Amino acid sequence: LLQACLTAAPLVAALLVFRSKPPTPPSRSEAVRTAVGGGWREQLRVLAGNADFRLLVAIFCVGFSLFNAIVTTIADLVSPQGYDSDDAGTFAAALVGAGIVGAALTGVALDVTHAYREALRIGFAASLGFVV
């Protein structure tokens, strides 16, 4: 009962204090979207017509597919060299950790340089090079 009360108290406070919408839009894009209107289907249609968004989705899908393929088959890839499934799990964890560190460093570098397209091209070429 104590846990239920401790959980319900902040919920009730949040329901009483917070509004469903802020008094002013949080960003310029939200202000434009609110002024123009349109539901999520209209927004999805607009996104589907955006070439940059389609490129971003394609690159994400390729990268995510490569990651899933490597992590799924990593045990099969390293077992001929004498590694067991525990080692394969360690390699997969190292792959995820290196990806997180790389993403953090890339984010900082892109904040400074604003070289977004070049970073996508280099990352995509490097991914293909490492896979081949």
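It should be emphasised that the depicted structure is a prediction, and the values quoted were computed from it without experimental measurement.
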query = Tracing side-chain links under 4.5 Å among I, L, V, M, F, W and Y, which residues wind up in one group with Ile122?
reply = none
Residues clustered with Ile59, ILVMFWY side-chain links under 4.5 angstrom = Leu55, Leu120
note = Taken in chain and number order and not counting sequence neighbours, the residues that satisfy salt bridge (charged side-chain N to carboxylate O under 4.0 Å, His left out) with Arg45 are Glu42
task = Grab the two heavy atoms, one from Ala48 and one from Arg54, that are nearest each other, plus how far apart they are.
result = O-NH1, 2.7 Å
query = How many angstroms lie between CG in Leu2 and OG1 in Thr7, if you round to the nearest 0.5 Å?
reply = 9.0 Å
query = Which residues, ordered by chain and number, are linked to Val78 in its hydrophobic cluster, where ILVMFWY side chains connect at heavy-atom gaps below 4.5 Å, directly or through other members?
reply = Ile74, Tyr83, Phe91
request  = Check whether more than 12 heavy atoms from other residues, nucleotides or ligands sit under 6.0 Å from atom CD of Gln3, and answer yes or no.
outcome  = no
request  = Using the salt bridge (Lys or Arg N to Asp or Glu O under 4.0 Å) rule, collect all pairs that involve residues 95-108, keeping only residues at least two apart or in two chains.
outcome  = none
task = Not counting sequence neighbours, list each pair that qualifies as a side-chain hydrogen bond (donor to acceptor under 3.5 Å, both in side chains) and has a residue in residues 94-117.
result = Asp52-Arg117, His114-Tyr116
task = Could I get the full list of ring pair (Phe, Tyr, Trp, His ring centres under 6.0 Å) partners for Phe60, not counting sequence neighbours?
result = Phe64
request  = Can you measure from SG (Cys61) to CG (Leu56) and round to the nearest 0.5 angstrom?
outcome  = 9.5 Å
message = According to salt bridge (Lys or Arg N to Asp or Glu O under 4.0 Å), does anything in residues 81-95 pair up with another residue at least two apart or in another chain? List the pairs.
response = none
request  = Tell me, please, which residues at least two apart from Ala75 pass side-chain contact (heavy atoms from CB on, under 4.5 Å).
outcome  = Ala88
ask   = Who passes side-chain contact (heavy atoms from CB on, under 4.5 Å) against Glu118, sequence neighbours left out?
value = Ala115
Residues clustering with Leu95 (ILVMFWY side chains joined when closer than 4.5 Å, directly or via others) = Phe67, Ile70, Val71, Val96, Ile100
task = Apply side chain to side chain donor-acceptor pair (under 3.5 Å) to Thr24 and list each qualifying residue two or more places apart in sequence or on a separate chain.
result = none
